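As the structure is a prediction and not an experimental result, all values here were calculated from the model. In the text below, chain A, chain B and the rest are named by the order of the sequence lines, each starting its count at 1.
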Protein chains: 2
Amino acid sequence: MDQATDAPTEPAGARAKPRVRDAEATKARILDAAKREFAKNGLGGARVDVIAEKARANKRMIYHYFGSKEGLFQTILENAYVDIRTAEQKLNLDHLAPREALERLVRFTWDYYLKNPEFITLVNSENLHRARHLKKSEVIKIVSRKLVSMVGSILERGVASGDFRAGIDPVQLNITIAAIGYYYLTNRFTGSIVFERDLMAKPALEERLRFNIDTILRLVAA
Amino acid sequence: MDQATDAPTEPAGARAKPRVRDAEATKARILDAAKREFAKNGLGGARVDVIAEKARANKRMIYHYFGSKEGLFQTILENAYVDIRTAEQKLNLDHLAPREALERLVRFTWDYYLKNPEFITLVNSENLHRARHLKKSEVIKIVSRKLVSMVGSILERGVASGDFRAGIDPVQLNITIAAIGYYYLTNRFTGSIVFERDLMAKPALEERLRFNIDTILRLVAA
DNA sequence: TCGATAATGCACTAACTGGTTACTTTTCTG
DNA sequence: CAGAAAAGTAACCAGTTAGTGCATTATCGA
């Protein structure tokens, strides 16, 4: 998706000819534009014409490559999940002390949501549609299992080292780690009104991250 | 909204004449139908014609009473917030021991989300629209302050009694209590796929509530 | 009982929406 | 270099959408 495809109008360094037509680049531009549009307006609110325009592509191309608006959404959603799960795996937490590993995971989850706000909105949109698209995906389950087992092994190591208490369900912990960051950020607009403070101000964000790390460490502490 | 208005075609007990025309009842039916539709499909996805039909009212009535689709949404959103905040105030937690009071609040929040799933979806929809409608509301701030001060006083009492540690921000605690329930329920569809278990099965719900109470009590414990 | 007012219904529209048909242009292969 | 295949375009379509103009009907106070 973010491969180094040349802009279609300028010549590449290696290739002599400028590719005026570049299927991969067009596809990538469509996916990028669509991710933004779906994130901004949801599946129902996003407009195919707008996506085509922002992708500097013809609407027909969207139907050529992705079949339908929903097909496009499904691709983007699947990519979004694979992206975050891949990034998590790269954290390499196995060689860290259990408490340190858990803190890193909480911090990563928070930072990822902050830097990729479209992930949250896409997931929200998918849940509004009762996970209709995700149901069809097989790759989701595979990458998700890795996350659960990752948290599971941190918990195990923590129990063995005496840092964590026993009997904690990795899935519940996983959900909680996601929840305390996700909720804060997805509801940042209503939250800022309800609590009468700018939840997205830098000090507020830093305070929340500290609070979240604290919450999780207290939750697992022996 | 849920006042005992007579169905427009049947005679009331006290009133002799059947009110063929009943502005309040029509309004109430529109609000009820709209709440369901907006919750099911979001602001963008909801259809005014469908709302009118389900409310057994003419579409013209919606524009007569609420001005626009967005005006209708705003009314429903405001009502939704007032409803939950009112229910919270009725909990009367002041005379309970701090730990007991906090557990009750976590339990109430969870139960409320479970019984009123449309609240979550309405809030999600409003955040997709950057709280455009909530911004215009004044009553929201008033009812929200009561919630924050309620949690604040539980915390104070807990610190005084030696049950809770000092220095916890009531707003952060509030957000966390909401988050651990809200996230689980709003993402129940994708969550059930990602974690390969039915998150809405009765034992799963009970387990989650127990886990959430535990999370909050450990978070505040001295 | 009458007339003002509020409630209601029908038919309409202008703009939009996802999706398609028919066509042109570029690229690649033998 | 021919011509097939792939990439790309513009105009269009049928169905939908929020919103309205206007006539009608019920209610209620005087």
Pairs under 3.5 angstrom, nitrogen or oxygen only, protein versus nucleotides 18-22 of chain C, please.
{"from": "C:dG18", "atom 1": "OP1", "to": "A:Ala46", "atom 2": "O", "distance (Å)": "3.1"}
{"from": "C:dG18", "atom 1": "OP1", "to": "A:Arg47", "atom 2": "NH1", "distance (Å)": "3.1"}
{"from": "C:dG18", "atom 1": "OP1", "to": "A:Lys69", "atom 2": "NZ", "distance (Å)": "2.8"}
{"from": "C:dG18", "atom 1": "OP2", "to": "A:Val48", "atom 2": "N", "distance (Å)": "3.2"}
{"from": "C:dG18", "atom 1": "N7", "to": "A:Lys59", "atom 2": "NZ", "distance (Å)": "3.4"}
{"from": "C:dG19", "atom 1": "OP2", "to": "A:Tyr63", "atom 2": "OH", "distance (Å)": "2.8"}
{"from": "C:dG19", "atom 1": "OP2", "to": "A:Lys69", "atom 2": "N", "distance (Å)": "3.0"}
{"from": "C:dG19", "atom 1": "N7", "to": "A:Lys59", "atom 2": "NZ", "distance (Å)": "2.7"}
{"from": "C:dG19", "atom 1": "O6", "to": "A:Lys59", "atom 2": "NZ", "distance (Å)": "2.3"}
{"from": "C:dT21", "atom 1": "O4", "to": "A:Arg60", "atom 2": "NE", "distance (Å)": "3.2"}

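In this view, A:Glu53 satisfies the salt bridge (Lys or Arg N to Asp or Glu O under 4.0 Å) rule with no residue, not counting sequence neighbours. Among residues two or more places apart in sequence or in another chain, the salt bridge (Lys or Arg N to Asp or Glu O under 4.0 Å) test is passed with B:Arg60 by none. B:Glu118 meets the salt bridge (Lys or Arg N to Asp or Glu O under 4.0 Å) test with B:Lys35; sequence neighbours excluded.
Within the structure, salt bridge (charged side-chain N to carboxylate O under 4.0 Å, His left out) pairs that include any residue of residues 122-143 of chain A comprise A:Glu70-A:Arg132 (at least two apart or interchain).
For the pair B:His64 NE2 and C:dC10 P, the computed distance is 17 Å after rounding to whole Å. Here the C1' atom of nucleotide D:dT16 and the CG atom of B:Asn41 are 15 Å apart, to the nearest Å. Atom CD of A:Glu24 is separated from atom P of C:dT27 by 16 Å (rounded to the nearest Å). Across the protein-nucleic acid pair, B:Phe73 atom CZ and D:dA18 atom P stand 14 Å apart, rounded to whole Å. In this entry the distance linking CD1 of A:Ile30 with P of D:dA7 reads 11 Å, nearest Å. Per the geometry, CD belonging to B:Glu53 stands 17 Å off C1' belonging to C:dT8, to the nearest Å. Atom C1' of nucleotide D:dT9 and atom CZ of A:Arg56 are separated by 16 Å, given to the nearest angstrom. Rounded to whole Å, atom P of D:dA26 lies 14 Å from atom CE of B:Met61.
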Can you list, pair by pair, the side-chain donor-acceptor contacts under 3.5 Å of residues 41-52 of chain A, counting residues two or more places apart and other chains?
{"from": "A:Asn41", "atom 1": "ND2", "to": "A:Glu37", "atom 2": "OE1", "distance (Å)": "3.1"}
{"from": "A:Arg47", "atom 1": "NH1", "to": "A:Gly44", "atom 2": "O", "distance (Å)": "3.1"}

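Using a distance-only test at 3.5 Å, with no hydrogens or angles considered, no donor-acceptor pair links the side chain of B:Arg104 to the main chain of B:Ala101.
If you check every strand for non-hydrogen atoms under 4.0 Å, A:Tyr65 touches sugar and phosphate atoms only.
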